Asker: 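Structure below; questions to follow.
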Amino acid sequence: MRVATWNVNSVGARLPRLLGWLQEAAPDVVCLQETKCAADAFPAEQVAELGYATAAHGTSRWNGVALLSRVGLEDVRRGLDDEPGFPDPEARAVGATCGGVRLWSVYVPNGREPGHPHYAYKLAWLEALRATLAAELGPRPLAVLGDFNVAPTDADVWDAAAFAQSTHVTPPEREALGRLRALGLGDVVPRPGKGPHPFTYWDYRAGMFHKDLGMRIDLVYGDGAFTAAVRDAYVDREARKGKGPSDHAPVVVDLALDAPLPDPAAPPA
DNA sequence: ATGTCACAAACTTTGTGA
């Protein structure tokens with residue numbers, strides 16, 4: 001099974017590229033963020049022509065998430081348990097069971113700057129995510145994928161010194177990711193598309209993509225059953241190129257859910 | 001150059017958010 005996550009920065013503006021990418025990459029499930037699209041305005045018919053069912057959660061202007069699946073889409077949930085708002089809850093999380101795997105597509109609040117009310121909202125939102133996922137852990141493999149707006153380590157930004165006094169790298173944000181890992185979730189780090197860094201986001205401005213001055217903020221956190229099934233993970237840097245791209249690249253994960261897990265105690269064949 | 005986008009309101013430009 002192939003699972004992907006992509007912040008498309010408006011599904012309306014990106015629809016031709018999204019449809020082309022679905023055909024080219026052929027994922028079984030895609031987690032989308034920043035769809036900027038009301039649920040009833042989502043281009044579900046167009047993706048259905050490619051075989052995907054849609055679970056969308058959104059409003060017209062900001063935020064918005066969706067799950068597209070061609071391997072089933074069951075037990076859909078929109079929003080988190082006790083989800084905080086700014087001031088009202090926003091469309092930042094949708095979960096569903098696809099092909100026997102419990103998946104969440106999330107768009108974590110940006111935070112704007114440390115000390116800003118939006119930063120406190122970001123931390124509260126991450127705690128609500130933790131609590132929601134904790135209650136769902138169980139026999140099914142589970143993963144949460146999306147734009148976390150947090151770089152897990154200094155190696156996940158082009159220049160750690162450039163981020164002094166900035167969000168995305170502060171200890172409280174990273175500790176919030178640590179509390180997700182403390183649930184037993186592992187960070188599925190993708191292969192880079194080019195160069196040494198598996199960056200997933202590059203600012204539109206100042207030729208940042210061309211200079212590979214990016215960040216790894218689009219993350220895949222999976223439980224033990226999910227991470228044990230991972231056979232490959234990569235950043236699709238090609239999707240960031242050319243005319244009219246999103247500022248994020250997709251992260252693609254290949255799973256072998258049906259294959260027997262390697263037995264570490266087995267002697268070499 | 002705080003350099004690019006996308007969206008929507010109230011217009012052909014500006015505010016907001018990233």
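Numbered from 1 within each chain, the chains take letters A, B, ... in sequence-line order. The structure displayed is predicted, hence computed values, not measured ones.
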Asker: Taking atom P of dA18(B) as reference, at what distance in whole Å does atom OH of Y119(A) sit?
Answerer: 16 Å
Asker: In Å and rounded to the nearest 0.5 Å, what is the CZ to OG1 distance from R14(A) to T35(A)?
Answerer: 12.0 Å
Asker: In whole Å, I'd like the distance from the CE atom of M208(A) to the P atom of dT2(B).
Answerer: 12 Å
Asker: Would you measure the distance from the P atom in dA10(B) across to the matching atom in dA6(B) and give it in whole Å?
Answerer: 23 Å
Asker: Between dC7(B) and dT12(B), how far is it from one C1' atom to the other, in whole Å?
Answerer: 16 Å
Asker: So which heavy atom on M215(A) is nearest to which on F163(A), and how close?
Answerer: CE-CE2, 3.4 Å
Asker: Could you tell me the separation between the OH atom of Y107(A) and the C1' atom of dA18(B), rounded to a whole number of Å?
Answerer: 6 Å
Asker: Parallel, tilted or perpendicular: which one describes the rings of H248(A) and Y201(A), with boundaries at 30° and 60°?
Answerer: tilted
Asker: Examine W21(A) together with W6(A) and report whether their ring centres are nearer than 6.0 Å.
Answerer: yes
Asker: Roughly, in whole Å, what's the span from CG in N7(A) to P in dG17(B)?
Answerer: 17 Å
Asker: Let me know, please, whether P109(A) or R205(A) comes out on the 5' side of the other along DNA chain B by nearest nucleotide.
Answerer: R205(A)
Asker: Salt bridge or not for D254(A) and R231(A), using N-O below 4.0 Å?
Answerer: no
Asker: Rounded to the Å, how far apart are H116(A) NE2 and dG17(B) C1'?
Answerer: 11 Å
Asker: Work out how far the C1' atom of dA18(B) is from that of dT2(B), and round it to whole angstrom.
Answerer: 13 Å
Asker: Write down the distance separating the P atoms in dC11(B) and dT16(B), rounded off to the nearest Å.
Answerer: 16 Å
Asker: What is the distance, rounded to the nearest whole Å, between atom CG of L213(A) and atom C1' of dG3(B)?
Answerer: 14 Å
Asker: Grab the N/O contacts between the protein and nucleotides 5-7 of chain B below 3.5 Å, and write none if there aren't any.
Answerer:
from   : atom 1 : to     : atom 2 : distance (Å)
dA6(B) : OP1    : R14(A) : NH1    : 3.0
dA6(B) : OP1    : R14(A) : NH2    : 3.2
dA6(B) : O3'    : S10(A) : OG     : 3.4
dC7(B) : OP1    : S10(A) : OG     : 2.4
dC7(B) : O2     : R61(A) : NE     : 3.4
dC7(B) : O2     : R61(A) : NH2    : 2.8

Asker: What distance do L145(A) atom CG and L32(A) atom CG have between them, rounded to the nearest 0.5 Å?
Answerer: 11.0 Å
Asker: Rounded to whole Å, how long is the line connecting atom CG of D247(A) with atom P of dT4(B)?
Answerer: 13 Å
Asker: Could you pick out which residue, Y201(A) or K211(A), lies toward the 5' side of DNA chain B when each is mapped onto its nearest nucleotide?
Answerer: K211(A)
Asker: Just the rounded figure in Å: distance from C1' of dA18(B) to CZ of F148(A).
Answerer: 18 Å
Asker: About how many Å separate CH2 of W62(A) and CZ of R92(A), when rounded to the nearest 0.5 Å?
Answerer: 11.0 Å
Asker: Indicate, with a heavy-atom threshold strictly under 4.0 Å, whether F209(A) touches base, sugar-phosphate, or nothing.
Answerer: nothing
